[in-house]
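Here's the structure we're looking at; comments come further down.
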Number of protein chains: 2
Amino acid sequence: MAGRVTITDVAAHAGVAISSVSSALNGRPGVSEQTRQKIVEAARELGFVPSVRGKSLAGKKTFAVGLVVHRDPDVLELDPFFGAFINGIESWIDERDFALVLQTSPDAAGTLERYRRLAAGRRVDGVFLNEIEIDDPRVELVRDLGLPAVGINPDAGFPLPSVRQDHRAGIEQLVAHLVELGHRSIGFVGGPDRFIHSRQREAAWRDSLATHGLEPGPVVQGSFTYEGGIEAATTMLAARARPTAVMCANDLSAMGFMAQAQHLGYDVPGDLSVSGYDGIQLGEYLRPALTTIQTQPRKTGCEAGRILLELIDGLPAADVDIAPAALVVRSSTGPARPVG
Amino acid sequence: MAGRVTITDVAAHAGVAISSVSSALNGRPGVSEQTRQKIVEAARELGFVPSVRGKSLAGKKTFAVGLVVHRDPDVLELDPFFGAFINGIESWIDERDFALVLQTSPDAAGTLERYRRLAAGRRVDGVFLNEIEIDDPRVELVRDLGLPAVGINPDAGFPLPSVRQDHRAGIEQLVAHLVELGHRSIGFVGGPDRFIHSRQREAAWRDSLATHGLEPGPVVQGSFTYEGGIEAATTMLAARARPTAVMCANDLSAMGFMAQAQHLGYDVPGDLSVSGYDGIQLGEYLRPALTTIQTQPRKTGCEAGRILLELIDGLPAADVDIAPAALVVRSSTGPARPVG
DNA sequence: TTGAAAGCGATACCAA
DNA sequence: TTGGTATCGCTTTCAA
C-alpha cells in the first residue's frame with residue numbers, strides 16, 4: 001500500500017508536528033534547515049506523496065484543469081492536433097502536480113454544460129477555451145463563473161488571457177510560394193464560418209492574394225474534416241474555372257481534397273497544387289507529401305498550461321505569442337500548369 | 001458566484017442539520033419526505049452543487065478515473081480510436097459524477113510513472129489499461145497499488161476485470177470474404193509484437209487461413225501507424241511472391257499501405273485487395289473506401305467505465321464481452337486477379 | 001523555530 | 001426522524 005502514508009505518519013516518524021511537515025515539504029520558511037532535512041528524509045523513507053484530496057480541500061484548489069473537446073457525434077475521432085496539444089499542456093502542468101480533465105461533447109449545448117458542471121463541482125481550477133467561435137458563449141460563462149480560462153488562438157481583443165500562434169506569416173509565405181510557382185488562381189477551402197480560426201485563415205489568404213495583386217480564387221466552406229475536403233474538391237473542381245492551386249484550412253481537409261482530386265483524375269501537383277494547415281505527422285507520408293503550414297500544438301499547449309496556472313495562482317497573466325507558424329514546402333505544390 | 005454555495009448554506013436555508021441535507025440529497029433513508037422536500041427545494045433555490053473536494057475527502061474517493069495514452073514522442077497524434085473510446089467512457093461516468101483524467105506519455109517508463117503518480121496522489125480511484133502488452137508491468141503495478149483497474153481487450157486469462165470485443169469472428173468473416181473473392185495468398189501487416197491485440201489479430205488471421213486450408217501469406221510487422229503501413233507496403237510488394245490481398249492490423253496502417261500500393265502503381269482492389277481493422281470514420285471516405293472490421297470503441301469505453309465504477313464501489317465485476325467486431329465490406333477488396 | 005488547533009466541505013455514526 | 005460531531009488529509013494561522 002504505497003499510497004497510504006499521510007502527513008501524520010511523516011510527522012510522527014520525524015518527531016515533529018504536521019504543520020512543520022507541511023511547511024518543510026512545500027518549501028515554506030519557518031523551518032530550520034535541520035528539521036527540514038529530518039522531515040524530507042522521513043517523507044522519503046515512508047514514500048510519502050501528499051494526497052490531492054487533502055490539499056485540494058485545504059488549499060481551495062483542485063489541482064486540475066479542464067478541456068472540453070467538442071466533436072460531432074458521428075466523428076468522434078479526435079483531430080490529430082489534440083494529441084500534441086494535450087501533451088503540451090501536460091508537459092507543463094504535470095510538474096506542478098496538476099492534472100488534465102478531458103471531456104468530449106457531441107454538441108454545443110453539451111459543451112457549455114460540461115464547462116458549467118466542471119466549475120460547479122469545483123472539479124477544476126481553470127479551463128482551456130479552444131476552437132473559439134464568434135461570440136463564443138463560453139467567454140461569458142467563465143466570466144460569470146469566475147473561472148480562470150485561457151483562450152487558444154482567439155482574435156485580437158479577446159477578453160481573456162490567450163496563447164496565439166500567428167497564422168498570417170505562414171499563409172503569406174504559402175501564397176508567395178504559390179505565386180512564385182506561377183499560380184494566379186488560388187482557391188481556398190475554409191472551415192466552418194463560426195470559428196475564429198476559420199475566418200482568420202481565410203482572411204489571411206485573401207489579404208495575401210491582394211498583396212500580390214491577385215483576385216481571390218474560388219472559396220468552399222469545409223468542415224476541417226477529411227470528408228469535408230472530399231466534398232470541397234468535388235464542388236470546386238466541377239466548376240468551369242477551376243483554380244490551379246488550393247489552400248485548405250487544415251491538413252485533414254487537405255488530405256480529403258487531395259485524395260478526391262486524384263480520384264477525379266487530377267495529378268497533384270501537376271494539374272493542381274494543394275496545401276494544408278497544421279503540419280500533422282500524417283501529411284509527411286502522403287503521396288505527394290503535403291505542403292503545409294507547420295503549427296506548434298505542443299508548444300501552444302505548454303504555454304496555455306503555463307498561463308492558466310498563473311491565473312489560478314492569481315497572478316496577472318500576459319498573452320503569449322509563440323513563434324509564427326511557418327511554411328513547410330513538400331511535394332503537393334508545384335509549378336502552375338495552364339488549366340486545360 | 002454560482003458555485004460558492006456549500007452544504008452549510010443549504011442546511012441553514014432549510015433550517016436543518018447538514019447531515020440531513022447530505023442524507024436527503026444522496027437519497028439515503030432516515031429523512032422524512034417532508035424534510036426531504038424542504039431540503040431539495042432549498043438546494044434548488046440556492047443552486048447547490050456539492051463540492052467534489054469535500055466529497056472526495058470525506059468519501060475516500062476522488063470521483064475521477066485515469067487513462068494514460070502511450071504515444072511515441074514524434075507521433076503525438078492520437079489514434080482515431082481514442083476519440084470514441086474516451087467519449088464512451090464519459091458517457092457512463094459523467095452521469096455518476098466521475099471525471100476522466102487523461103495523460104499522455106511518450107515512453108513506456110513514463111507511462112508506468114504516470115500510473116504510479118495518479119495512484120500515489122490518490123488522484124484517481126481507478127484506471128483503464130489499454131493497449132495491453134505481453135507481461136504488461138502495469139498489471140503488477142495496479143495490484144501493488146491496490147488500484148482498481150479494467151483491461152481493454154486483453155487476452156483470455158487476464159487477471160483483471162476486462163472488456164473484450166471479439167476479434168476472431170470479424171477476421172474469419174474477412175478471410176472468408178477474401179477467399180470467396182478468389183484470394184489464395186493473403187498477407188498480413190501486424191502491429192508491434194509486444195501488444196496483445198497485435199498478436200491476437202495475427203493469430204486469428206493465421207487460424208482463419210488454416211480453416212480454409214491456406215498457407216499464411218507474407219507477414220510484415222507494422223506499427224499501427226500510417227507510416228508503418230507505407231513501409232509495410234514497400235517491403236511486401238517488393239518481394240517476388242506478392243500476395244493478392246493484404247489484411248492490416250488497423251485502419252491507419254491500412255491507409256498507409258493502400259496509399260503506398262497505389263503510389264507504386266498497383267490498383268486497389270484490382271491488383272491488390274487491402275483491408276483494415278477498427279472501422280474509423282476516415283476509412284469510409286478513402287478511395288477506394290476501406291474494407292474493414294468495425295469495432296465499437298464507444299461501446300467499449302462505456303462498458304469499461306461501467307465496470308471500473310463497479311470495482312471502485314467494491315462490487316464484484318464480471319468481464320464484459322461486447323458484440324463481436326464485424327466485417328464491413330467496402331471497395332478496397334475485390335476479386336483476385338492472378339499476380340502478373 | 002515549533003506545535004497546537006482551526007478550518008475546508010462533505011460523509012457517517014451515534015445520540016437525542 | 002433528527003441534529004451534533006468526529007473524520008478525512010492537508011494548509012494556515014497563531015501561540016508558545
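Residue numbers begin at 1 in each chain, while the letters A, B, ... track the order of the sequences. Just so it is clear, the values below take in all heavy atoms, side chains as well, and ignore hydrogens, waters and symmetry mates.
Other residues, nucleotides and ligands contribute more than 12 heavy atoms inside 6.0 Å of the NZ atom of A:Lys61.
Going from atom CG of A:Asn26 over to atom P of D:dC10 covers 10 Å, rounded to whole Å. Rounded to whole Å, the distance from CD1 on A:Ile7 to C1' on D:dT11 is 8 Å. In this structure, B:Arg123 atom CZ and D:dG9 atom C1' are separated by 15 Å, rounded to whole Å. For the pair A:Lys61 NZ and C:dG9 C1', the computed distance is 18 Å after rounding to whole Å. Rounded to whole Å, atom C1' of C:dG9 lies 5 Å from atom CG of A:Leu57. Per the geometry, CZ belonging to B:Arg53 stands 13 Å off C1' belonging to C:dG7, to the nearest Å. Atom CD in B:Gln37 sits about 16 Å away from atom C1' in D:dT1, given to the nearest Å. Taking atom NZ of residue A:Lys55 and atom P of nucleotide D:dT12, one finds them 10 Å apart after rounding to whole Å.
Contact check on A:Asp94 versus B:Arg114 returns a salt bridge, with a Lys/Arg side-chain nitrogen under 4.0 Å from an Asp/Glu carboxylate oxygen. Using a 4.0 Å cut-off between a side-chain N of Lys or Arg and a carboxylate O of Asp or Glu, A:Glu113 and A:Arg116 qualify as a salt bridge. Under a 4.0 Å N-O distance rule, the pair A:Glu131/A:Arg71 qualifies as a salt bridge.
Under 4.0 angstrom from either OP1 or OP2 of D:dT12 there lies at least one side-chain N or O belonging to A:Arg28. For the OP1/OP2 pair of D:dG9 and a distance below 4.0 Å, the side-chain nitrogens and oxygens of B:Arg122 include no atom meeting the criterion. One finds no side-chain N or O of B:Thr6 lying less than 4.0 angstrom from the OP1 or OP2 phosphate oxygen of C:dG9.
Ring planes of B:Phe128 and B:Phe85: perpendicular class, angle over 60° (limits at 30 and 60°).
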* Can you check side-chain hydrogen bond (donor to acceptor under 3.5 Å, both in side chains) on A:Asp125 and A:Thr62, steps first, answer last? -> CA-CA 6 Å; A:Asp125 300 319; A:Thr62 61; 3.0 Å; yes
Nucleotide N/O to protein N/O under 3.5 Å, stretch nucleotides 1-4 of chain C:
{"unit_1": "C:dT2", "atom_1": "OP1", "unit_2": "A:Ser32", "atom_2": "OG", "d": "3.2"}
{"unit_1": "C:dT2", "atom_1": "OP1", "unit_2": "A:Thr35", "atom_2": "OG1", "d": "2.5"}
{"unit_1": "C:dT2", "atom_1": "OP2", "unit_2": "A:Ser32", "atom_2": "N", "d": "2.9"}
{"unit_1": "C:dT2", "atom_1": "OP2", "unit_2": "A:Ser32", "atom_2": "OG", "d": "3.0"}
{"unit_1": "C:dT2", "atom_1": "OP2", "unit_2": "A:Thr35", "atom_2": "OG1", "d": "2.8"}
{"unit_1": "C:dG3", "atom_1": "OP2", "unit_2": "A:Ala17", "atom_2": "N", "d": "3.1"}
{"unit_1": "C:dG3", "atom_1": "N7", "unit_2": "A:Ser19", "atom_2": "OG", "d": "3.0"}
{"unit_1": "C:dA4", "atom_1": "N6", "unit_2": "A:Ser19", "atom_2": "OG", "d": "3.0"}

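Using a 4.0 Å heavy-atom criterion, one finds that A:Ser22 contacts the bases of the nucleic acid, with or without backbone contacts as well.
Looking only at atom types and distance, the side chain of A:Arg28 has a donor-acceptor partner in the side chain of A:Ser22 under 3.5 Å away.
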